[in-house]
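The structure appears right after this line, and notes come after that.
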Amino acid sequence: MKEQITEPNNSTIPERKHFIQEIIEEDLRNAKNNGRVHTRFPPEPNGYLHIGHAKSICLNFGLAKQYNGKCNLRFDDTNPTKEEQEYVDSIKKDVRWLGFDWEEREFFASDYFHQLYDWAIQLIKAGKAFVCDLSGEEVRKHRGTLTEPGKESPYRNRSIEENLDLFERMKKGEFPDGSRTLRAKIDMNHPNLNMRDPVMYRILHAEHHRTGNEWCIYPMYDWAHGESDSIEGITHSICTLEFEDHRPLYNWYVEQLGIHHPQQIEFARLNLTYTVMSKRKLLQLVEENIVNGWDDPRMPTISGLRRRGYTPEAIRSFADKVGVAKRDNMIDVALLEFSLREDLNKKAARMMAVLRPLKVVITNYPDGQVEELEAVNNPEDPAMGMRTVPFSKVLYIEQDDFKEVPPPKYFRLTPGAEVRLRYAYIIKCTNVVKDANGNITEVHCTYDPETKSGSAQSHRKVKGTIHWVSAEHAVDAEVRLYDRLFTEENPNGDNWKELINPNSLEALSGCKVERSLATVKPQERFQFERLGYFCVDDDSTPENLVFNRAVTLRDTWAKIEKNQ
RNA sequence: UGCCCGAUGGUGUAAUUGGUAACACACAUGACUCUGGAUCAUGGUAGUCUAGGUUCGAGUCCUAGUCGGGCAGCCA
């Protein structure tokens with residue numbers, strides 16, 4: 001348990017501070033930004049958000065909340081060729097679902113295109129930017145390499161008047177895509193490649209999802225991002241490590257313009273074992289139908305995790321546990337799974353469901369008799385009350401819960417042995433029925449009427465308790481079992497697609513679930529006793545119930561079995 | 001042979017800013033249990049990348065090195 005310190009205002013803050021909190025508190029002590037804390041979450045709407053973004057969302061919104069500040073949602077939509085409204089919508093949905101509120105502060109970099117254009121003119125007039133006629137290929141050649149300095153563009157010293165004229169004509173659409181750029185005039189010998197006269201605008205005759213065909217020149221990330229931060233009065237501009245090299249350029253632009261200067265701070269992005277996190281790869285999984293869309297429950301996307309059965313609380317708690325630092329990391333997916341179990345253990349109603357049914361006949365139970373037995377909905381939360389489950393002569397149990405020849409330490413049903421049926425009776429296996437091929441088709445048992453759960457005489461103890469469902473009352477369901485998408489911990493080499501787990505989805509039909517589950521709705525979550533946590537899939541209907549296994553229960557038996 | 005960043009157990013993150021390595025996950029063992037769940041208890045493994053140095057004392061400071069990551073889109 002993490003210790004909490006109670007603040008005078010009654011809010012709690014984590015005891016441990018990470019380096020960004022240290023920076024902010026130092027700024028607060030120095031009354032920087034007049035004591036304001038203002039962050040932003042700035043996704044590009046070119047894909048769905050994933051668990052790595054969730055870390056960033058929790059960080060940015062969390063910091064704002066902790067320091068009584070604000071956090072904006074801003075779409076970095078400066079590349080119309082890759083961005084779409086669908087992504088904007090999904091991002092908003094996901095951030096909201098995670099539990100964060102940007103209030104009225106929903107912004108787009110494209111909101112600032114006019115301001116950016118005016119500022120570009122200001123830089124041209126100051127002799128700090130020029131129109132360059134070099135082709136993409138030529139620009140690349142002039143840039144030099146990591147170890148060699150670059151060469152100045154022959155167009156670098158055009159007159160201000162000519163630059164102004166050309167830039168205006170670029171804007172008017174007089175030139176074809178790729179024919180010219182506006183570049184900042186900095187230093188072609190700079191050891192940081194980002195400072196070698198970086199491109200500010202490129203010509204793109206493309207329709208933008210918000211500005212339509214108004215523009216045919218679009219600002220580059222570096223030119224748009226810091227300026228957007230500045231316009232919004234962002235105090236701490238938090239981003240991932242790969243932008244570290246861009247910070248000098250970020251600073252250069254705001255300094256040349258003489259505008260509010262947010263502080264860029266970089267942290268290490270999240271990596272998770274047995275999955276990929278790059279948008280490019282996730283897009284590929286979707287487009288090549290390796291998974292069934294962005295919200296496939298095997299995807300590390302927020303929408304995938306949601307459909308799988310993850311709760312916002314579990315994801316926020318996970319984000320909290322992984323910490324914030326600058327060193328590269330690879331988080332064990334077991335920590336994510338733990339976060340879900342921790343949350344659902346307290347909240348999910350218990351139900352009985354049999355995934356791979358094996359028929360059990362209680363031979364000494366009266367034909368036609370049905371008893372309604374009392375079951376606890378959640379032993380962790382008495383307030384969730386009780387329900388009733390029907391018991392009768394013919395039941396289903398899990399195939400795994402019967403072994404004709406039991407391995408060592410097997411506590412479940414075996415010939416001649418006794419086992420407790422949860423919330424019901426102790427039964428004893430008397431006979432095994434097989435088909436012509438020797439497969440077990442049913443198991444015959446007798447029950448001990450004295451051992452009814454909750455009754456005064458039910459003192460006898462048996463080693464194992466198994467779950468069951470009354471055949472007559474059971475509801476059929478489809479259950480989808482998910483496993484990790486990749487077979488290796490770090491599937492990030494060039495051969496990543498060869499490492500895809502061919503058995504990451506196992507769909508079971510003809511599963512038998514207890515009566516109480518007949519009326520469930522998509523997104524509802526349950527614990528199927530002894531099996532795991534399950535979530536009603538979006539495909540589910542009352543006629544055709546579909547459950548996704550979000551995560552198994554901790555399985556001590558599996559470990560024993562494995563070590564034998 | 002460029003610039004920037006990083007380095008603490010199996011994995012992450014801490015260490016009162018120079019005071020004798022902690023927390024979580026994972027792992028192992030035991031107790032309890034009508035979920036082999038939950039809960040509780042216990043345990044192991046680190047001399048903090050290396051080598052020097054400063055100091056009574058270094059994960060924290062200094063010097064030199066080693067290893068890892070990022071950067072050469074008109075992507076973000």
Side-chain angles (χ1 to χ4, degrees), chain A residues 1-3 15-18 42-44 46 76 78-79 81-83 132 134-136 139-140 143-150 177-183 190-196 198-204 217-218 220-222 224-225 239-248 266 268 273 279-280 321-332 334-339 341-342 345-346 350 352 376 379-380 409-412 419-424 426 451 453-454 458 461-467 489 527-532 552-561:
Chain A
M1 221 24 189
K2 187 178 274 186
E3 270 185 54
E15 183 200 14
R16 304 279 185 225
K17 291 188 186 76
H18 55 69
E44 183 191 11
N46 69 341
D76 232 324
T78 56
N79 185 354
T81 64
K82 289 186 178 169
E83 296 150 7
C132 181
L134 255 25
S135 70
V139 168
R140 193 175 59 75
R143 187 161 29 231
T145 69
L146 294 176
T147 51
E148 300 156 25
D177 288 3
S179 59
R180 279 175 234 261
T181 55
L182 182 73
R183 295 226 258 158
H190 201 108
N192 181 337
L193 295 263
N194 294 123
M195 300 297 273
R196 318 239 263 228
V199 173
M200 296 169 66
Y201 276 97
R202 73 282 216 188
I203 300 172
L204 236 39
I217 55 172
Y218 289 93
M220 298 290 291
Y221 166 85
D222 287 300
H225 195 89
C239 61
T240 43
L241 252 28
E242 68 270 27
F243 293 103
E244 220 153 14
D245 286 342
H246 295 243
R247 182 159 21 100
E266 311 85 13
T273 55
K279 276 193 194 173
R280 202 196 92 243
K321 286 192 267 262
V322 298
V324 179
K326 295 195 75 160
R327 77 181 83 141
D328 293 324
N329 60 77
M330 177 68 84
I331 307 289
D332 192 338
L335 185 63
L336 216 212
E337 296 175 341
F338 168 81
S339 302
R341 289 192 194 104
E342 186 186 39
N345 176 48
K346 290 178 294 186
R350 273 58 171 171
M352 291 201 283
V376 176
E380 303 292 318
K409 292 190 187 160
Y410 186 80
F411 300 157
R412 288 113 97 157
V419 76
R420 155 82 58 189
L421 291 178
R422 174 131 242 229
Y423 297 125
I426 291 175
T451 58
S453 291
S458 70
K461 299 251 186 270
V462 286
K463 202 78 170 141
T465 298
I466 64 173
H467 59 96
E489 236 180 53
Q527 183 194 104
F528 289 174
E529 293 219 22
R530 305 208 304 128
L531 297 175
T552 61
L553 254 27
R554 233 182 87 215
D555 193 347
T556 310
W557 169 244
K559 279 173 202 158
I560 295 170
E561 221 178 4

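In what follows, every chain begins at residue 1, and chains take the letters A, B, ... in the order their sequences are listed. FYI, side chains are in, hydrogens and waters are out, and symmetry mates aren't considered; it's all heavy atoms of this structure.
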Quick check for you: among [options], whose closest atom lies nearest to any side-chain atom of [X]?
{"X": "L146(A)", "options": "A76(B), A72(B), A26(B)", "answer": "A72(B)"}
{"X": "R143(A)", "options": "C5(B), A72(B), G70(B)", "answer": "A72(B)"}
{"X": "K559(A)", "options": "G2(B), A76(B), A28(B)", "answer": "A28(B)"}
{"X": "K82(A)", "options": "C4(B), C75(B), U1(B)", "answer": "C75(B)"}
{"X": "E244(A)", "options": "C4(B), A76(B), G36(B)", "answer": "C4(B)"}
{"X": "R327(A)", "options": "G2(B), A7(B), U35(B)", "answer": "A7(B)"}
{"X": "P191(A)", "options": "G2(B), G36(B), C74(B)", "answer": "G2(B)"}
{"X": "Y221(A)", "options": "A76(B), G36(B), A14(B)", "answer": "A76(B)"}
{"X": "E44(A)", "options": "C75(B), G69(B), U13(B)", "answer": "C75(B)"}
{"X": "R202(A)", "options": "U13(B), A76(B), U35(B)", "answer": "A76(B)"}

Which part of the nucleic acid, if any, lies within reach of [X] when heavy atoms closer than 4.0 Å are counted: base, sugar-phosphate only, or nothing?
{"X": "Y410(A)", "value": "base"}
{"X": "T273(A)", "value": "nothing"}
{"X": "L134(A)", "value": "base"}
{"X": "D245(A)", "value": "base"}
{"X": "Y423(A)", "value": "base"}
{"X": "V324(A)", "value": "sugar-phosphate"}
{"X": "I560(A)", "value": "base"}
{"X": "F243(A)", "value": "base"}
{"X": "G454(A)", "value": "base"}
{"X": "K461(A)", "value": "sugar-phosphate"}
{"X": "R247(A)", "value": "nothing"}
{"X": "H246(A)", "value": "base"}

Exercise. Taking for each residue the nucleotide of RNA chain B bearing the nearest heavy atom, is the 5' side occupied by N46(A) or by M330(A)?
Worked result: M330(A)
Pairing nucleotide - [N], Watson-Crick or G-U, each distance under 3.5 Å:
{"N": "U66(B)", "result": "A7(B)"}
{"N": "A58(B)", "result": "none"}
{"N": "G43(B)", "result": "C27(B)"}
{"N": "A72(B)", "result": "none"}
{"N": "A22(B)", "result": "U13(B)"}

Where [X] and [Y] come nearest, the two heavy atoms and their spacing:
{"X": "R196(A)", "Y": "T145(A)", "result": "NH2-O, 2.8 Å"}
{"X": "V199(A)", "Y": "R183(A)", "result": "CG2-CD, 3.9 Å"}
{"X": "T465(A)", "Y": "V419(A)", "result": "N-CG2, 4.2 Å"}
{"X": "M195(A)", "Y": "H190(A)", "result": "CB-CG, 3.4 Å"}

Pair up each side-chain donor or acceptor in residues 553-560 of chain A with any protein partner under 3.5 Å, not counting sequence neighbours, and list the distances.
| from | atom 1 | to | atom 2 | distance (Å) |
| --- | --- | --- | --- | --- |
| D555(A) | OD1 | W557(A) | N | 3.3 |
| D555(A) | OD1 | A558(A) | N | 3.0 |

Exercise. What is the distance, rounded to the nearest whole Å, between atom CD1 of I203(A) and atom P of C75(B)?
Worked result: 12 Å
For this session: Sort out for me which residue in K82(A), E83(A), K279(A) forms a side chain to side chain donor-acceptor pair (under 3.5 Å) with N46(A).
Result: K279(A)
Problem set entry | Y221(A) side chain reached by E44(A) side chain, heavy atoms, under 4.5 Å | no
Exercise. If the sugar-phosphate is the primed atoms plus P, OP1 and OP2 and the base is the rest, what is the B/S/- string for nucleotides 37-46 of chain B, using protein heavy atoms under 4.0 Å?
Worked result: BS--------
For this session: Decide, for G47(B), between syn and anti: a glycosidic angle within 90° of 0 counts as syn, anything else as anti.
Result: syn
